[in-house]
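Right, one structure below, let's go through it.
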Amino acid sequence: MKKKPAKRQKPKKTNQSENVQANAVPASKDRRNFLSRAAWIGAGVVVAGGATVFGTRSVLAKMAELDLERIGQGVPAVVQIHDPSCSICTSLQRQARKAMKGFEDQELIYLVADISTTDGRAFAARYGVPHVTIMMFNERGRHEGTMQGMRQAEELKAAFHGLLE
C-alpha cells in the first residue's frame with residue numbers, strides 16, 4: 001500500500017489586528033493610566049497657580065509697604081526704619097506686623113523705610129533716626145511720635161491705637 005504524501009500545510013493566515021490586540025494593553029487600563037496622570041497633572045497646575053498668586057500678592061504687598069509717598073494721604077501711617085541685614089530690625093518688623101493685625105488698611109497703614117534703598121536712606125536721614133525705629137504719622141503726614149529699639153507687639157499696638165485717637 002502506497003502512502004499518500006503528506007499534504008503540506010499552508011501557513012495559517014493571521015489577522016494583523018489580532019497580533020496587535022494580543023500585545024496591546026486593554027483599553028480600560030490605558031484610560032485608567034491616563035486619568036491617573038491627568039489627576040496628578042491637574043493637582044500640579046493648581047499648586048503652581050496657587051504659588052503664583054501667593055507670590056504675586058506678596059510682591060505687591062512688599063511694594064506697597066515701601067511706598068513712602070503714602071504718608072499724609074488721609075490715613076495715619078506707621079513707618080519702620082528697617083535694615084534687612086539686621087536681625088533686630090527683622091524681629092521688630094515681625095512684632096510690628098503682628099501689632100497691625102487688628103487694624104484695617106483704611107484705618108492705619110504700615111510702611112517700611114528700607115535703608116538699603118535710596119528712598120529709605122533719605123527718609124531716615126531726613127528725620128535723623130537710625131534703623132530699629134518705628135515712626136508714627138497722622139493722616140496729614142505730621143510726625144506724631146518715634147519709638148526706638150526693640151518693642152513687643154502689645155506695646156506697639158497700644159502706641160498705634162494712641163495714634164488713632
Side-chain angles (χ1 to χ4, degrees), residues 25 27-165:
V25 176
S28 62
K29 267 193 174 178
D30 276 350
R31 193 171 312 129
R32 207 172 307 132
N33 287 341
F34 171 77
L35 292 175
S36 174
R37 285 189 187 118
W40 281 105
I41 290 168
V45 167
V46 168
V47 168
T52 301
V53 167
F54 178 76
T56 302
R57 284 187 182 167
S58 178
V59 167
L60 292 174
K62 184 170 173 98
M63 288 173 58
E65 281 184 354
L66 295 172
D67 184 9
L68 299 173
E69 298 287 322
R70 294 172 63 197
I71 297 171
Q73 299 295 319
V75 179
V78 172
V79 181
Q80 179 185 355
I81 312 303
H82 179 72
D83 179 356
S85 65
C86 169
S87 61
I88 298 171
C89 287
T90 304
S91 295
L92 179 60
Q93 188 174 52
R94 200 172 15 258
Q95 293 300 312
R97 285 182 173 150
K98 191 175 176 182
M100 288 294 296
K101 286 193 178 177
F103 299 96
E104 298 291 323
D105 285 343
Q106 302 81 10
E107 183 179 25
L108 182 67
I109 57 173
Y110 173 73
L111 302 171
V112 176
D114 183 343
I115 64 170
S116 67
T117 67
T118 306
D119 289 343
R121 267 191 312 278
F123 185 86
R126 181 177 334 134
Y127 291 96
V129 294
H131 61 285
V132 193
T133 300
I134 298 280
M135 298 183 71
M136 293 170 285
F137 297 86
N138 69 16
E139 64 279 354
R140 291 182 307 281
R142 189 171 134 241
H143 179 228
E144 294 287 335
T146 300
M147 301 172 77
Q148 291 186 340
M150 183 61 199
R151 306 295 173 112
Q152 295 302 310
E154 296 81 29
E155 183 181 0
L156 293 170
K157 192 170 200 163
F160 300 167
H161 275 292
L163 178 63
L164 298 178
E165 293 173 352

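Because only heavy atoms are used, hydrogens play no part in the values below, and waters and symmetry mates are left out as well, while side chains stay in. Keep in mind it's a predicted model, so treat the numbers as computed, not measured.
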Exercise. Residues two or more places apart in sequence or in another chain: which of them pass salt bridge (Lys or Arg N to Asp or Glu O under 4.0 Å) with Arg121?
Worked result: none

Exercise. Is a donor on one side and an acceptor on the other found under 3.5 Å between the side chain of Glu107 and the backbone of Glu104?
Worked result: yes

For this session: For the residue pair Val78 and Leu108, establish whether any side-chain heavy-atom pair is separated by less than 4.5 Å.
Result: yes

Problem set entry | Pairwise side-chain contact, Asp114 with Leu66, heavy-atom cut-off 4.5 Å (strictly under) | yes

For this session: Calculate, to the nearest 0.5 Å, the distance between atoms SG and CG belonging to Cys86 and Leu92 respectively.
Result: 9.0 Å

For this session: Show the numbers, then the answer: is there a side-chain contact (heavy atoms from CB on, under 4.5 Å) between Lys98 and Arg94?
Result: CA-CA 6 Å; Lys98 191 175 176 182; Arg94 200 172 15 258; over 6 Å; no

Exercise. Any side-chain donor paired with an acceptor under 3.5 Å for Ser85 and Asp83?
Worked result: yes

For this session: Could you check Phe137 against Val75 for side-chain contact (heavy atoms from CB on, under 4.5 Å), going step by step and ending with a plain yes or no?
Result: CA-CA 9 Å; Phe137 297 86; Val75 179; over 6 Å; no

Exercise. Can you check whether Ser87's main-chain N or O pairs, donor with acceptor, with Ser91's side chain at less than 3.5 Å?
Worked result: yes

Exercise. Any side-chain donor-acceptor pair under 3.5 Å between Gln80 and Tyr110?
Worked result: yes

Problem set entry | Residue pair Met147 / Met136, side-chain heavy-atom distance below 4.5 Å | yes

Using distance only, find each side-chain donor-acceptor pair of residues 148-165 under 3.5 Å and give its atom names and separation, not counting sequence neighbours.
from	atom 1	to	atom 2	distance (Å)
Arg151	NE	Gln148	O	3.4
Arg151	NH1	Glu155	OE2	2.6
Arg151	NH2	Gln148	O	3.0

For this session: Anything under 30° is parallel, anything over 60° is perpendicular, the rest tilted; go ahead and classify Tyr127 against His143.
Result: tilted

Exercise. Taking C-beta and beyond as the side chain, do His82 and His131 meet within less than 4.5 Å on heavy atoms?
Worked result: no

For this session: Report the C-alpha distance between Leu68 and Val79 in whole Å, list the side-chain angles of each, state the deciding distance to 0.1 Å, and finish with yes or no for side-chain contact (heavy atoms from CB on, under 4.5 Å).
Result: CA-CA 8 Å; Leu68 299 173; Val79 181; 4.0 Å; yes

Exercise. Rounded to the nearest 0.5 Å, how far does CD1 of Ile109 lie from CD1 of Ile71?
Worked result: 7.5 Å

Problem set entry | Steps toward salt bridge (Lys or Arg N to Asp or Glu O under 4.0 Å) verdict (Glu65, Arg97) | CA-CA 11 Å; Glu65 281 184 354; Arg97 285 182 173 150; 2.6 Å; yes

Exercise. Any side-chain heavy atom of Pro130 within less than 4.5 Å of one from Ile81?
Worked result: no

